[in-house]
Amino acid sequence: SGTLTVSKADPNPETSTGLTATYDQKLLDVSLPLGWAWDEPSTSVGNVGSNSFSATYTPTNTANYNTKTENLTVMVSKADNPAQVTGTASVTKGGNTVELSSYVSGAEGTVTYAITTALVGCSVDENTGVFTSGSTNGECTVTVTIAGNDNYNGKTETITVTVTDK
């Protein structure tokens, strides 16, 4: 008489498809189906596009089935731009300046400035954000446009500049 040895079977789990993430996330932010786990969950999902990462399937019946490791694809999309824009500035009339670039922080992408609600004689440098007051009091609205880049969406905000006598 002989010995019969029964080996564990290889599982055939459903491979996860349609996995999505946003730039700046980690694999632990990407949910997997039951039984699957990322091999390195603290890993960044990487740049925008299609990226592959190792994951392991552990069956509920480990006495009879092996684990299975595969590379799973995650489609990474652009993240919202983290730029912060402080909405109000002030300057005295008569050709005085205020640097609106100091009201913008954390921008990912090129920043440009344009006056959308004008006062007589006011101007803004499109690239530097230096606002020059005119000869009248009031409010001027400047649109701040942060261009998107490979990993971040573009963003548009406004800064209200108050022009005063003093």
Side-chain donor-acceptor distances from residues 120-132 under 3.5 Å, at least two apart:
from   : atom 1 : to     : atom 2 : distance (Å)
Asp125 : OD1    : Asn127 : N      : 2.9
Asp125 : OD1    : Thr128 : N      : 2.8
Asp125 : OD1    : Thr128 : OG1    : 3.2
Thr128 : OG1    : Val130 : N      : 3.3

Note: with side-chain heavy atoms under 4.5 Å as the link, the other cluster members for Trp36 come out as Leu19, Tyr23, Leu27, Val30, Leu32, Trp38, Val45, Val48, Phe53, Tyr57, Leu72, Val74, Val76, Tyr152

Cluster membership besides Tyr65, Ile/Leu/Val/Met/Phe/Trp/Tyr side chains within less than 4.5 angstrom, sorted by chain and number, is none

Measuring only between side-chain heavy atoms, which start at C-beta, is [X] closer than 4.5 Å to [Y]?
X      : Y      : result
Ile115 : Cys140 : yes
Val163 : Thr136 : no
Thr20  : Ser77  : no

Over all heavy atoms of both residues, which pair between [X] and [Y] is shortest? Give the atoms and the distance, please.
X      : Y      : result
Gly106 : Asn81  : O-OD1, 4.1 Å
Thr158 : Thr143 : CG2-OG1, 4.1 Å
Ala107 : Val104 : CB-CG1, 4.3 Å

Applied to residues 96-116, the ring-ring contact (aromatic ring centres under 6.0 Å, His included) test, sequence neighbours excluded, yields none

For Glu139, the salt bridge (Lys or Arg N to Asp or Glu O under 4.0 Å) test, sequence neighbours excluded, returns none

Residue set satisfying salt bridge (Lys or Arg N to Asp or Glu O under 4.0 Å) with Glu108, at least two apart, ordered chain then number -> none

Contacts satisfying salt bridge (Lys or Arg N to Asp or Glu O under 4.0 Å) that involve residues 144-164 (not counting sequence neighbours) are Lys155-Glu157

Residues pairing under salt bridge (Lys or Arg N to Asp or Glu O under 4.0 Å) where one sits in residues 60-83, two or more places apart or in two chains, turn out to be Lys68-Glu70

Just distance, no hydrogens or angles: give the donor-acceptor pairs under 3.5 Å from side chains in residues 85-100, sequence neighbours left out.
from  : atom 1 : to     : atom 2 : distance (Å)
Thr92 : OG1    : Asn96  : ND2    : 2.9
Lys93 : NZ     : Asp165 : OD1    : 3.0
Asn96 : ND2    : Thr92  : O      : 3.3
Asn96 : ND2    : Lys93  : O      : 3.0

Checklist entry - Between Ser52 and Asn71, is any side-chain donor less than 3.5 angstrom from a side-chain acceptor? => result no

### Task
Answer with yes or no whether the side chains of Thr56 and Thr67 bring together a donor and an acceptor at under 3.5 Å.
no

[X]: side-chain hydrogen bond (donor to acceptor under 3.5 Å, both in side chains) partners, not counting sequence neighbours:
X      : result
Asn149 : none
Thr145 : none
Ser50  : none

Whether over 12 other heavy atoms sit under 6.0 Å from Asn61 CG: yes

To the nearest 0.5 Å, atom CG of Asn47 lies from atom CG of Asn51 at 7.0 Å

